[in-house]
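See below for the structure under consideration.
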Amino acid sequence: MGKRVAVVLAGCGVYDGSEIHEASAVLVHLSREGAQAEVYAPNVEQMHVVDHVKGQPTQEKRNVLVESARIARGNIKDLATLDVKELDALIIPGGFGVAKNLSTWATQGKNCVISKEVEDVLKAFHAAKKPIGLCCISPVLAAKIFPGCELTVGHDTECEKWPYAKTAETMKELGCKHINKHVTETHVDAKNKLVTTSAFMCNAPIHQIHDGIGKMVKEVVSLA
């Protein structure tokens, strides 16, 4: 029987939900590793809805669970029903939804609040010593909850290739150790069983992002 891995989504679309390519890569690589993905999302309203053509918020209202179901092809559960005892690992893909719908990082940075449901799930896996995989912006959740942990969101010096490098500096201010890594690499914090990779924090070809997520998934499954 393959490992059962919870994949927590935050909506559907990079600017207001989960990054679709990252979520898809996680599911593809879990399948390749012989693991069973169990997809969850919180049953809450999105912070806002962004028109992905114009890059501007609209007046529309959408639900995180309903939108995430698009990526999961309908096979999804309410995050409130997640039971850590039935699962072997947790993975949270990136996308602005992590910083808008799972937390308030987008508006409050290091002073953000993480959704209680999401925080409880992360703490439950951590307490059970079960591995947690995070990519793109989602490592900020661990930075906020697990002081002193080791994480990567890529590089900490801003440039054309690393447009979001200031995130690494903010994470350091929260007391965690940031490890610079290339997009195709991961960092494993063995003590906390945290596996992180930068994904779309890097301005890189999509196949490199896919490969980096593949390494993260492989590490998570091997630790489970």
Side-chain angles (χ1 to χ4, degrees), residues 7-8 10 14 18-19 21-23 25-26 29 89-115 118-119 121-123 125-127 129-206 208-220 222-223:
V7 178
V8 174
V14 57
S18 287
E19 210 299 318
H21 299 288
E22 291 180 21
V26 165
H29 287 294
L90 167 68
I91 294 178
I92 306 180
F96 278 97
V98 171
K100 292 177 176 179
N101 305 327
L102 305 188
S103 72
T104 59
W105 183 276
T107 53
Q108 294 180 291
K110 67 179 181 181
N111 300 314
C112 74
V113 175
I114 294 173
S115 139
V118 174
E119 182 167 351
V121 164
L122 280 159
K123 285 180 172 174
F125 276 91
H126 187 256
K129 295 187 165 32
K130 293 181 177 182
I132 298 168
L134 304 163
C135 64
C136 192
I137 193 66
S138 67
V140 301
L141 301 174
K144 187 73 180 173
I145 298 173
F146 308 124
C149 67
E150 296 178 2
L151 303 162
T152 191
V153 287
H155 282 228
D156 57 7
T157 306
E158 200 166 299
C159 61
E160 189 180 353
K161 188 172 182 179
W162 297 100
Y164 309 107
K166 283 191 172 70
T167 304
E169 291 302 320
T170 310
M171 286 162 63
K172 288 179 197 173
E173 290 168 20
L174 284 168
C176 74
K177 185 176 181 186
H178 183 268
I179 315 293
N180 282 346
K181 291 283 182 177
H182 186 59
V183 66
T184 56
E185 297 175 319
T186 63
H187 180 70
V188 181
D189 177 343
K191 181 185 164 195
N192 289 295
K193 284 201 169 181
L194 295 171
V195 186
T196 49
T197 191
S198 60
F200 277 103
M201 297 298 269
C202 183
N203 192 5
I206 194 167
Q208 291 185 359
I209 288 153
H210 195 272
D211 292 348
I213 289 171
K215 285 186 184 165
M216 176 195 74
V217 168
K218 199 178 187 72
E219 291 281 6
V220 168
S222 71
L223 288 169

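Quick caveat: nothing in here was measured; it's all calculated off a predicted structure.
Taken to the nearest 0.5 Å, the SG atom of Cys176 stands 12.0 Å off from the CD1 atom of Ile145. Interatomic distance, OG1 of Thr184 versus CD1 of Ile213, reported as 12.0 Å (0.5 Å rounding). Atom-to-atom distance recorded for His21:NE2 and Cys136:SG is 12.0 Å, nearest 0.5 angstrom. Between Leu90 atom CG and Leu122 atom CG the span is 5.5 Å, to the nearest 0.5 Å. The structure places CD of Glu158 at 8.5 Å from OG1 of Thr167, a figure rounded to the nearest 0.5 Å. One finds the CG atom of Asp189 at 11.0 Å from the CG atom of Leu134 (value rounded to the nearest 0.5 Å).
Between Ile114 and Leu141, the closest heavy-atom pair is CD1-O, 3.6 Å. Closest approach of Glu19 to Phe200, counting heavy atoms only: OE1-CE1, 3.4 Å. For Val98 against Ile137, the heavy-atom pair with the smallest separation is CB-CG2, 3.8 Å. Of all the heavy atoms in Pro93 and Ser138, the pair that sits closest is O-CB, 3.9 Å. Here the closest heavy-atom approach between residue Ile209 and residue Cys202 is recorded as CD1-O, 4.1 Å. The two atoms that bring Asn101 and Ala10 nearest to each other are ND2-O, 2.9 Å, heavy atoms only.
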Could you walk me through whether Lys181 and Thr186 pass the side-chain contact (heavy atoms from CB on, under 4.5 Å) test, one step at a time?
CA-CA 7 Å; Lys181 291 283 182 177; Thr186 63; over 6 Å; no
Does the salt bridge (Lys or Arg N to Asp or Glu O under 4.0 Å) test come out yes or no for Lys166 and Glu169, once each step is laid out?
CA-CA 5 Å; Lys166 283 191 172 70; Glu169 291 302 320; over 6 Å; no
Determine, stepwise, if the pair Thr197 / Lys215 fulfils side-chain contact (heavy atoms from CB on, under 4.5 Å).
CA-CA 8 Å; Thr197 191; Lys215 285 186 184 165; over 6 Å; no
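Between His187 and His178, the distance from one ring center to the other does not fall under 6.0 angstrom.
Put simply, the side chain of Lys144 does not reach to within 4.5 Å of the side chain of Glu119, judged on heavy atoms. Trp105 is listed as a side-chain neighbour of Thr170, based on a closest heavy-atom distance under 4.5 Å.
Thr104 places a side-chain N or O within 3.5 Å of a backbone atom of Val113 that can act as its donor or acceptor partner. Not a single donor-acceptor pair under 3.5 Å links the side chain of Lys193 to the backbone N or O of Ile132. Put simply, the side chain of Thr196 gets close to the backbone of Thr152: a donor and an acceptor are under 3.5 Å apart. Asn192 places no side-chain N or O within 3.5 Å of a backbone atom of Glu150 that could act as its donor or acceptor partner.
Considering Lys218, Met216, His210 in turn, His210 is the only one that fulfils the side chain to side chain contact (heavy atoms under 4.5 Å, CB included) rule with His29.
Heavy atoms from other residues, nucleotides or ligands lying under 6.0 Å from NZ of Lys172 number more than 12. Annotation: Phe96, atom CZ; neighbour count of heavy atoms from other residues, nucleotides and ligands within 6.0 Å does not exceed 12.
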